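Below is one structure; the comments refer to it alone.
The structure displayed is predicted, hence computed values, not measured ones. Letters A, B, ... are given to chains in the order of the sequence lines, protein chains preceding strands, and every chain is numbered from 1.
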Amino acid sequence: QSVLTQPPSASGTPGQRVTISCSGSSSNIGINFVYWYQHLPGTAPRLLIYRNNQRPSGVPDRFSGSKSGTSASLAISGLRSEDEADYYCAAWDDSLSGVVFGGGTKLTVL
Amino acid sequence: EVQLVESGGGLVQPGGSLRLSCAASGLSFSNYFMSWVRQAPGKGLEWVANRKQDGSEKYYVDSVKGRFTISRDTISRDNAEISLYLQMNSLRAEDTAVYYCAVGVTAAYFDSWGQGTLVTVSS
């Protein structure tokens with residue numbers, strides 16, 4: 001059972017917009033930044049979004065992040081086949097004094 | 001560009017020990033967090049431990065406290081090259097995972113990742 005809650009799966013067709021949610025609490029998302037990672041099996045995870053809604057250089061603007069209260073979301077617009085991957089949210093948790101991840105969402109491009 | 005290369009993984013019996021290493025180069029910011037994150041077979045990412053570059057802060061997930069120790073050695077004077085370690089004692093089957101080394105400017109900000117090293121705990 002992960003501290004941050006994500007849907008286990010999401011799907012969309014090429015060109016569509018999909019959103020992945022991440023629900024936390026007042027000790028993590030409620031007071032700290034949210035980060036999003038993309039992970040393809042057998043490869044190193046990749047930072048997609050930092051500090052709730054900032055994109056590192058090299059990440060397409062099709063990826064966007066938002067946060068409201070104790071929840072956050074990752075939106076992917078103009079879905080492409082190469083977006084098929086696992087997506088994780090993460091945040092620092094003040095109560096646990098540690099980093100917490102969501103359980104991950106497997107995105108399928110139909 | 002930051003490069004991270006993990007090593008030291010392998011097969012170990014329950015109760016045994018293993019030391020993971022991460023060779024880091026290209027570190028250009030003045031202070032940062034270095035972390036270990038793992039992924040058990042068929043499971044999601046799990047943060048294991050981290051430490052601030054200056055050693056002022058170290059944190060561990062509850063399940064490894066008292067068993068794992070994170071440490072580092074400086075390779076270059078400007079701290080651009082370091083070696084990060086994870087000493088793992090009293091290993092359990094549930095510690096079986098790919099272990100990634102990661103670095104970033106704050107604790108949950110993993111800007112760069114290594115390719116991972118597999119640890120298998122089994123008799």
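Heavy atoms from other residues, nucleotides or ligands lying under 6.0 Å from CZ of Arg80(A) number 12 at most. Atom NZ of Lys43(B) is surrounded by 12 or fewer heavy atoms from other residues, nucleotides or ligands within 6.0 Å.
Chain B forms the most heavy-atom pairs under 4.5 Å with one residue out of Thr43(A), Val100(A), Val34(A), Leu96(A), and that residue is Thr43(A). Considering only heavy-atom pairs separated by less than 4.5 Å from chain B, the leading option among Gly104(A), Ser97(A), Pro41(A), Gly103(A) is Ser97(A).
Ring to ring, Phe33(B) and Trp92(A) are not that close: their centroids are 6.0 angstrom or more apart.
Side-chain contact, Thr106(B) with Tyr35(A): a donor N or O sits under 3.5 Å from an acceptor N or O.
By the 6.0 Å and 45° rule, Arg19(B) stacks over the aromatic ring of Tyr85(B).
Heavy atoms closer than 4.5 Å to chain A are found in the side chain of Val37(B), but not in its backbone. Contact of Phe110(B) with chain A is made through backbone and side chain together, with heavy-atom distances under 4.5 Å. Only the side chain of Gln39(B) comes within contact range of chain A, with at least one heavy atom under 4.5 Å from a heavy atom of that chain. Interface remark: Tyr37(A) contributes side-chain atoms only to the contact with chain B (heavy atom separation under 4.5 Å).
Paired with Asn32(A) under the rule side chain to side chain donor-acceptor pair (under 3.5 Å), one option of Asn52(A), Asp93(A), Asp94(A) passes, and it is Asp94(A).
At distances below 3.5 Å, at least one donor-acceptor pair connects side-chain atoms of Arg72(B) with backbone N or O atoms of Gln53(B). No donor-acceptor distance shorter than 3.5 angstrom exists from the side chain of Arg62(A) to the backbone of Ile76(A), with no hydrogens or angles considered. With Glu84(A) contributing its side chain and Val109(A) its backbone, the two residues share a donor-acceptor pair below 3.5 Å. Proximity of a side-chain donor or acceptor of Gln6(A) to a complementary backbone N or O of Cys89(A) within less than 3.5 Å is detected.
Within residues 114-123 of chain B, the residues having any heavy atom closer than 4.5 Å to a heavy atom of chain A are Gly114(B), Gln115(B), listed by residue number. Contacts between residues 86-99 of chain B and chain A, defined by a heavy-atom separation under 4.5 Å, are made by no residue at all.
A single hydrophobic cluster is not seen to contain both Phe101(A) and Ile49(A); linkage of ILVMFWY side chains at heavy-atom distances under 4.5 Å, directly or through other members, places them apart. A continuous path of Ile, Leu, Val, Met, Phe, Trp and Tyr side chains, each step under 4.5 Å between heavy atoms, connects Val3(A) with Ile20(A), placing both in one hydrophobic cluster.
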